[in-house]
Amino acid sequence: MFTLTNIIIAIVVLVVLWLILSYNRLVTLSYRTDEALSDIDVQTKRRYDLIPNLVNTIKGYMVHEQGTLEKVVQARNQAINTSKLAEKGQAEDMLSGALKSIFALSESYPDLKANQNFLSLQQELADTEDKIQASRRFYNGNVRDLNTKISHFPSNIVASVFGFSQRDFFGIENAQESKPVTVGF
């Protein structure tokens, strides 16, 4: 019944099916990772668009805090112009820290705290920050899955043959977010 030829054909078919399934899984994980990175870009673009409105809203109130406002604008511009993932993570962390400084300084300006436009922008930015963090976690989870699949045997053979490579995590490089914001007067 089972000849040596039939056994060899069955083994070859199983190996080809396994190669196809492994390749397709790597493609799926790669696309999910790209999609997750795109989600981060969408949320950071939303934040970039909100920052000029925030700066314009608080300029009149924070006359003595011009340096802080300039730091926010500078951090925003740096984050926009950064393309490498590790540098982008650092730039985004600097921008988050600069925004935290502005919100901390706003506590000293009661008229600003009562301004509806400022409160609305502050809420939108806080919501956007939460979405950015969720997008980062989603991206890092997809990177973890992709990197794990690429590292495990025997799918690492398929990954190297078809040119799949590990991705970098979108992380915090300088632990800036774990430090409290310092405000000096």
Side-chain angles (χ1 to χ4, degrees), residues 1-52 72 74-100 121 123-181:
M1 286 193 204
F2 288 104
T3 63
L4 183 59
T5 307
N6 288 342
I7 293 173
I8 292 174
I9 290 173
I11 290 173
V12 168
V13 167
L14 288 174
V15 168
V16 168
L17 283 174
W18 173 82
L19 284 171
I20 291 169
L21 291 173
S22 292
Y23 175 81
N24 287 341
R25 179 68 177 144
L26 288 167
V27 167
T28 300
L29 290 170
S30 180
Y31 283 151
R32 283 185 185 164
T33 302
D34 292 342
E35 176 190 13
L37 186 58
S38 177
D39 288 345
I40 293 173
D41 289 340
V42 166
Q43 295 305 323
T44 55
K45 169 116 176 57
R46 180 174 181 232
R47 178 170 61 178
Y48 302 154
D49 292 345
L50 290 171
I51 289 173
V72 169
Q74 181 182 11
R76 174 189 177 265
N77 292 338
Q78 183 178 356
I80 288 173
N81 296 322
T82 304
S83 60
K84 292 183 181 178
L85 191 59
E87 292 173 3
K88 188 158 184 76
Q90 281 183 320
E92 291 297 331
D93 292 340
M94 284 177 40
L95 180 54
S96 292
L99 287 171
K100 287 177 185 176
L121 286 168
Q123 180 59 39
E124 282 189 57
L125 279 166
D127 181 51
T128 302
E129 290 292 329
D130 291 342
K131 289 178 181 177
I132 289 170
Q133 293 307 316
S135 297
R136 278 179 157 185
R137 286 190 302 274
F138 181 65
Y139 172 78
N140 286 337
N142 281 296
V143 167
R144 178 201 60 227
D145 294 345
L146 177 64
N147 289 350
T148 300
K149 186 74 171 171
I150 289 172
S151 298
H152 283 179
F153 180 82
S155 61
N156 63 344
I157 296 168
V158 176
S160 65
V161 167
F162 290 105
F164 290 95
S165 59
Q166 292 195 353
R167 307 278 182 98
D168 293 330
F169 288 98
F170 199 116
I172 301 170
E173 295 294 322
N174 57 7
Q176 182 174 352
E177 289 187 6
S178 63
K179 294 180 188 174
V181 176

Could you go through the side-chain contact (heavy atoms from CB on, under 4.5 Å) check for L95 and I51 one step at a time? CA-CA 10 Å; L95 180 54; I51 289 173; 3.6 Å; yes
Determine whether E87 and N81 satisfy the following criterion, side-chain contact (heavy atoms from CB on, under 4.5 Å), listing intermediate values before the conclusion. CA-CA 10 Å; E87 292 173 3; N81 296 322; over 6 Å; no
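Here the CD1-CG distance, from I80 to N77, works out to 5.5 Å after rounding to the nearest 0.5 Å. I132 CD1 to D39 CG: the interatomic distance, rounded to the nearest 0.5 Å, is 11.5 Å.
Side-chain contact between E129 and L99: present, with at least one pair of heavy atoms (C-beta onward) separated by less than 4.5 Å. Under the 4.5 Å side-chain criterion, counting only non-hydrogen atoms from C-beta, F170 is not in contact with V143. Counting heavy atoms from C-beta outward, R46 and D127 have side chains that approach closer than 4.5 Å. Within the 4.5 Å cutoff, side-chain heavy atoms of N142 are placed close to those of F138. Within the 4.5 Å cutoff, the side chain of D41 has heavy atoms near those of the K88 side chain. Between Y23 and V161, every side-chain heavy-atom pair lies at or beyond the 4.5 Å cut-off.
The heavy-atom pair separating S165 from I150 by the smallest distance is O-CD1, 3.4 Å. In terms of heavy atoms, A75 sits closest to A98 at CB-CB, 4.4 Å. Residues I40 and Y139 share a closest heavy-atom pair of CD1-CB, 3.7 Å.
Comment: D145 does not engage R167 in a salt bridge, judged by the lack of any side-chain N to carboxylate O separation of less than 4.0 angstrom.
With hydrogens and angles ignored, the 3.5 Å screen pairs a side-chain donor or acceptor of S135 with a backbone N or O of K131. Between the side chain of S30 and the main chain of L26, no donor-acceptor pair closer than 3.5 Å is present.
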